[in-house]
Asker: 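Structure provided below as structure tokens; questions to follow.
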Amino acid sequence: MPESTQPPDRRPLVLINFKATREGSGSNAVMLAKQLELAGSTISGYEIILAVQALDIYRVVQVTRLKVFAQHVDPRQYGPYTGSICPFAVREAGACGTLINHTERRLSHAVLEQTVDLAKTAGLQTIVCAASAAEGQAMLALAPDYIGIEPEVAPSAKSSILESAADVVEQAVAAIPRKVLFGGGISTSQEVQQLIVKGASGIMVSSKVVKSSDPRYALESLLCDEKVFPPTKRGS
């Protein structure tokens with residue numbers, strides 16, 4: 001399996017997953033990307049990446065200098081594969097990476113291996129997701145750029161990964177040094193800093209930012225003390 005040709009930025013990574021939300025789709029995705037770029041221009045020390053739907057990659061790339069990732073790709077070359085998300089088409093649309101095996105889009109190991117391999121061949125950076133430290137450690141054999149750990153928790157759980165799965169955090173930073181990201185209920189700058197201090201290479205967030213009435217402020221307050229930035233009006 002080929003190694004990535006794009007070494008990861010050594011700043012902590014912050015991936016914002018637009019998912020298939022109304023707030024992160026179509027023209028809303030464009031507006032959201034613009035707001036998050038404004039936030040990024042005021043914050044140093046983090047690399048911000050937007051994970052958008054395949055349909056929105058091209059339009060979002062046109063309005064932001066932030067890196068744009070696909071939320072998923074299929075292990076398909078160009079060809080007669082109706083409905084598939086081709087990694088090469090994703091790259092041509094302007095994305096520079098992709099999530100793979102997200103908890104909402106899990107793959108079998110065989111398909112996962114094929115997908116990572118083809119995504120790399122297409123020139124995409126890869127973030128392979130896992131539900132546990134042990135699963136994440138097993139993903140090291142695929143040589144992705146990052147491994148994203150998001151433990152499966154009850155839908156009603158309101159606590160962050162630091163509270164609900166502290167043991168997973170400790171195990172993962174020990175087993176997956178220098179390339180582990182964490183997701184799951186992260187909502188404060190203190191939690192972000194705790195994860196970075198423990199050895200995380202970054203975080204993955206979604207609704208905290210995407211569904212906020214003021215996404216620019218939500219991102220700024222997540223990465224810095226919220227007293228530093230006053231709330232703004234969405235679209236300003």
Side-chain angles (χ1 to χ4, degrees), residues 8-21 23-24 29 32-33 36 39-40 43 45-53 60 66-73 95-107 112 116 119 124-133 135-136 139 144-153 155 157-166 168-169 171-173 175-176 178-212 215 218-223:
D9 193 310
R10 291 306 174 188
R11 292 174 296 166
L13 183 155
V14 178
L15 182 131
I16 302 160
N17 187 357
F18 286 25
K19 298 194 174 184
T21 61
E23 295 87 349
L32 180 57
L36 298 180
I43 300 168
Y46 293 93
E47 180 183 21
I48 298 170
I49 293 177
L50 312 179
V52 307
Q53 296 177 75
V60 170
L66 299 175
K67 286 185 177 182
V68 176
F69 274 35
Q71 295 174 6
H72 167 78
V73 293
C96 59
T98 183
L99 288 173
I100 300 173
N101 199 49
H102 188 273
T103 184
E104 295 163 353
R105 193 67 167 82
R106 298 278 277 175
L107 306 174
L112 175 60
V116 173
L124 297 172
Q125 289 182 275
T126 55
I127 299 175
V128 175
C129 299
S132 69
E135 184 183 12
M139 300 301 186
D145 292 285
Y146 290 98
I147 294 172
I149 304 292
E150 190 168 17
E152 295 176 356
V153 295
K158 299 296 183 182
S159 58
S160 78
I161 189 173
L162 281 164
E163 298 170 313
S164 62
V168 174
V169 172
Q171 293 163 10
V173 293
I176 314 166
R178 298 182 298 281
K179 62 192 316 178
V180 62
L181 312 175
F182 291 102
I186 301 166
S187 61
T188 69
S189 60
Q190 290 78 15
E191 290 169 349
V192 174
Q193 286 302 311
Q194 286 180 55
L195 287 167
I196 299 301
V197 168
K198 287 178 179 294
S201 293
I203 62 168
M204 302 181 297
V205 296
S206 183
S207 58
K208 165 68 179 178
V209 174
V210 173
K211 287 185 167 293
S212 171
L219 181 57
E220 289 171 340
S221 63
L222 184 64
L223 302 184

Asker: Just wondering, do Lys19 and Val210 contact through their side chains at under 4.5 Å, heavy atoms?
Answerer: no

Asker: Quick one: closest heavy-atom pair of Ala29 and Gly24, and the distance?
Answerer: CB-O, 3.3 Å

Asker: Kindly compute the distance separating OG (Ser221) from CD1 (Ile43), expressed to the nearest 0.5 Å.
Answerer: 8.5 Å

Asker: State which residue, out of Asn17, Ile16, Leu32, fulfils the side chain to side chain contact (heavy atoms under 4.5 Å, CB included) condition with Leu50.
Answerer: Ile16

Asker: Please report the shortest heavy-atom distance between Ala119 and Val73, naming the atom on each side.
Answerer: CB-CG2, 4.4 Å

Asker: Give me the atom names and distance for the closest heavy-atom approach of Gly199 to Val180.
Answerer: O-CG1, 4.2 Å

Asker: If we ignore hydrogens and angles and just use 3.5 Å, is the side chain of Lys67 paired with the main-chain N or O of Glu47 as donor and acceptor?
Answerer: no

Asker: Under 4.5 Å between any side-chain heavy atoms of Gln171 and Ile149, yes or no?
Answerer: no

Asker: Between Cys129 and Asn101, which heavy-atom pair has the shortest distance, and what is it?
Answerer: O-ND2, 2.8 Å

Asker: Taking all non-hydrogen atoms of both residues, which atom of Ala39 and which atom of Leu219 are closest, and how far apart?
Answerer: CB-CD2, 3.8 Å

Asker: So, do Val14 and Val192 sit near enough that their side-chain heavy atoms are less than 4.5 Å apart?
Answerer: no

Asker: Which atom pair, heavy atoms only, marks the closest approach of Pro144 to Ile147?
Answerer: CG-CG1, 3.7 Å

Asker: So Lys198 and Leu162, do their side chains get closer than 4.5 Å, heavy atoms only?
Answerer: yes

Asker: Can you check whether Val128's main-chain N or O pairs, donor with acceptor, with Thr126's side chain at less than 3.5 Å?
Answerer: no

Asker: Starting from the C-alpha separation in whole Å, work towards a yes-or-no answer on side-chain contact (heavy atoms from CB on, under 4.5 Å) for Gln71 and His102.
Answerer: CA-CA 8 Å; Gln71 295 174 6; His102 188 273; over 6 Å; no

Asker: Would a 4.5 Å heavy-atom cut-off, applied to side chains only, mark His72 and Leu107 as touching?
Answerer: yes

Asker: Out of curiosity, Ser201 OG to Phe182 CZ, how far, rounded to the nearest 0.5 Å?
Answerer: 9.0 Å

Asker: Hey, could you give me the CD1/CD distance between Ile203 and Glu150, rounded to the nearest 0.5 Å?
Answerer: 11.5 Å

Asker: Could you give the distance from CZ (Arg11) to CD1 (Ile196), rounded to the nearest 0.5 Å?
Answerer: 12.5 Å

Asker: Supply the atom-to-atom distance Ser189 OG to Glu220 CD, rounded to the nearest 0.5 angstrom.
Answerer: 12.5 Å

Asker: Quick one: are Leu15 and Tyr146 in side-chain contact, heavy atoms under 4.5 Å?
Answerer: no

Asker: Please check: side-chain N/O of Asp145 versus main-chain N/O of Ile127, any donor-acceptor pairing under 3.5 Å?
Answerer: no

Asker: Roughly how far apart are Gln194 CD and Ser160 OG, rounded to 0.5 Å?
Answerer: 7.5 Å

Asker: Do Leu36 and Pro215 touch side chain to side chain, with heavy atoms closer than 4.5 Å?
Answerer: yes

